[in-house]
Amino acid sequence: MVDLSHIKLHYFDFGNVPTDCGRGENIKLLLEDAQIPHDYLFYKWEDWPQMRDEWIKNGFTGGCLPAIETADGKKYSCTTPIVQLISKQLGQYYGHGDIEKEYLVDTVASFTNDWYDRFARRSWLRPDLREVHLKEDVPLHLNRLNRYYALNDGPYLLGSEISFADFQVYHMITDEKLNLSDLPSHLVTLVKAIQERPNLKNYLVKRKSVVH
């Protein structure tokens with residue numbers, strides 16, 4: 001049993017980069033949508049090594065961010081395992097125990113992580129490669145994901161049922177600062193559906209994370 005009565009979400013403060021960039025936002029979107037009470041805490045790069053070592057001494061095996069801390073003091077690390085953990089505890093966002101649906105969600109989450117790695121290495125950390133990244137990398141990932149979203153009728157990967165992978169795909173689109181006109185048809189439908197979700201709509205507007 002995971003205590004979700006209140007969560008602390010820990011991630012990096014990247015300085016002049018908006019706080020909704022990076023892997024932590026994948027978890028944040030799930031927490032917002034599920035209305036799980038939480039605090040989002042940020043740490044500067046230069047402060048993290050000392051904090052990490054202290055956390056490891058106190059039993060935090062992973063020693064990495066993002067991480068969540070539950071109300072009973074337990075810490076969990078790594079983006080996808082965290083959203084899997086939360087989703088399984090909620091009984092939502094992960095195919096309701098259907099192993100084929102879980103596989104589909106895991107597959108798209110994995111491909112989205114691949115996209116993020118490419119984005120970080122060939123755009124975020126290397127602005128000089130941004131145009132090459134947009135031309136060579138982004139279309140590959142968009143078209144691959146679009147094929148998966150074409151498998152089921154409905155705005156989400158699983159059809160009418162949202163999953164944590166949908167948040168990850170949406171967040172990659174916002175991290176890349178893409179417009180609706182840049183997206184293939186099924187991803188346009190996904191973006192519009194997520195932006196109309198009652199528990200996310202105001203948050204996305206406030207964070208200026210809306211795709212136009």
Side-chain angles (χ1 to χ4, degrees), residues 11-30 32-33 42 45 64-66 78-84 93 103-159 162-197 200-201 203-212:
Y11 198 47
F12 296 112
D13 177 354
F14 293 111
N16 61 350
V17 177
T19 55
D20 62 344
C21 290
R23 298 184 189 274
E25 190 69 8
N26 296 315
I27 304 166
K28 171 69 171 174
L29 290 173
L30 175 58
E32 289 285 343
D33 194 76
F42 298 93
W45 279 104
C64 61
L65 298 181
C78 300
T79 307
T80 301
I82 287 172
V83 293
Q84 289 170 331
Y93 304 102
Y103 168 79
L104 186 57
V105 173
D106 288 341
T107 299
V108 166
S110 180
F111 280 132
T112 307
N113 285 330
D114 291 345
W115 182 6
Y116 179 84
D117 288 340
R118 201 69 171 167
F119 161 73
R121 295 174 186 275
R122 301 238 295 180
S123 181
W124 192 357
L125 301 178
R126 289 289 305 273
D128 58 306
L129 295 177
R130 174 66 178 168
E131 291 305 315
V132 175
H133 170 69
L134 286 173
K135 183 178 179 180
E136 296 181 359
D137 303 330
V138 172
L140 182 151
H141 292 289
L142 289 176
N143 290 328
R144 174 191 285 153
L145 291 170
N146 194 63
R147 293 195 296 270
Y148 278 95
Y149 277 84
L151 295 176
N152 291 304
D153 292 331
Y156 306 117
L157 178 62
L158 300 180
I162 197 166
S163 71
F164 63 76
D166 296 313
F167 299 131
Q168 291 179 264
V169 173
Y170 178 84
H171 179 52
M172 271 311 309
I173 291 168
T174 61
D175 258 359
E176 290 277 17
K177 295 180 170 47
L178 301 178
N179 299 315
L180 289 175
S181 59
D182 300 318
L183 307 178
S185 60
H186 293 286
L187 297 188
V188 170
T189 302
L190 168 70
V191 164
K192 289 180 176 180
I194 285 184
Q195 292 181 168
E196 289 301 317
R197 290 187 68 80
L200 289 181
K201 191 171 185 177
Y203 170 74
L204 294 174
V205 170
K206 180 180 178 182
R207 296 297 309 147
K208 299 180 180 179
S209 296
V210 176
V211 181
H212 298 286

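- The residues K201 and E32 are annotated as not salt-bridged, no charged nitrogen and carboxylate oxygen being separated by less than 4.0 angstrom.
- Counting all heavy atoms, side chain and backbone alike, G22 lies closest to Y116 at CA-OH, 3.4 Å.
- Residue pairs meeting the side chain to side chain donor-acceptor pair (under 3.5 Å) criterion with at least one member in residues 142-153, sequence neighbours excluded, are Y149-D166.
- Closest non-hydrogen pair, L158 versus S163, comes out as CD1-CB, 4.3 Å.
- Contact annotation: the side chain of Q168 approaches that of T80 to within less than 4.5 Å [non-hydrogen atoms, C-beta and beyond].
- Judged by distance alone, with hydrogens and angles left aside, the side-chain atoms of Y11 form a donor-acceptor pair with the main-chain N or O of R23 at under 3.5 Å.
- The main-chain N or O of V211 is found under 3.5 Å from a side-chain atom of Q195 such that the two form a donor-acceptor pair.
- Atoms CG and CD1, on L190 and I173 in that order, are 6.0 Å from each other to the nearest 0.5 Å.
- Pairing each heavy atom of C78 with each of C64, the nearest pair is SG-SG, 4.2 Å.
- For R197, the salt bridge (charged side-chain N to carboxylate O under 4.0 Å, His left out) partners at least two apart in sequence or on another chain are D33.
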Margin query: Pair M172, E25 - check side chain to side chain contact (heavy atoms under 4.5 Å, CB included), show working.
Written below: CA-CA 10 Å; M172 271 311 309; E25 190 69 8; over 6 Å; no

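- For F164, the ring-ring contact (aromatic ring centres under 6.0 Å, His included) partners at least two apart in sequence or on another chain are Y94.
- Applying the salt bridge (charged side-chain N to carboxylate O under 4.0 Å, His left out) criterion to K192, with sequence neighbours excluded, gives no partner residue.
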Enumerate, atom names and distances included, each donor-acceptor pair closer than 3.5 Å involving a side-chain atom of residues 180-188, sequence neighbours excluded.
residue	atom	partner	partner atom	Å
D182	OD2	N179	N	2.7

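- Between the side chains of T79 and N113, no donor N or O sits under 3.5 Å from an acceptor N or O.
- Using a 4.5 Å heavy-atom threshold, the side chains of L151 and L104 count as touching.
- Atom CZ of F12 is separated from atom CH2 of W45 by 4.5 Å, given to the nearest 0.5 angstrom.
- Pairs passing the salt bridge (Lys or Arg N to Asp or Glu O under 4.0 Å) check and including a residue from residues 118-129, sequence neighbours excluded, read R118-D137, R122-E136, R122-D137, R126-D128.
- Side chains of H171 and T112 form no contact here, defined as non-hydrogen atoms less than 4.5 Å apart.
- Here CG of L30 is found 11.5 Å from NZ of K28. Values are rounded to the nearest 0.5 Å.
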Next item on the list: Check step by step if side chain to side chain contact (heavy atoms under 4.5 Å, CB included) holds for F111 and H141.
Entry: CA-CA 8 Å; F111 280 132; H141 292 289; 5.8 Å; no

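- Screening L140, L142, D175 for a side-chain contact (heavy atoms from CB on, under 4.5 Å) with W115, the sole residue that qualifies is L142.
- Side-chain atoms of L204 and I194, non-hydrogen and from C-beta on, do get closer than 4.5 Å to each other.
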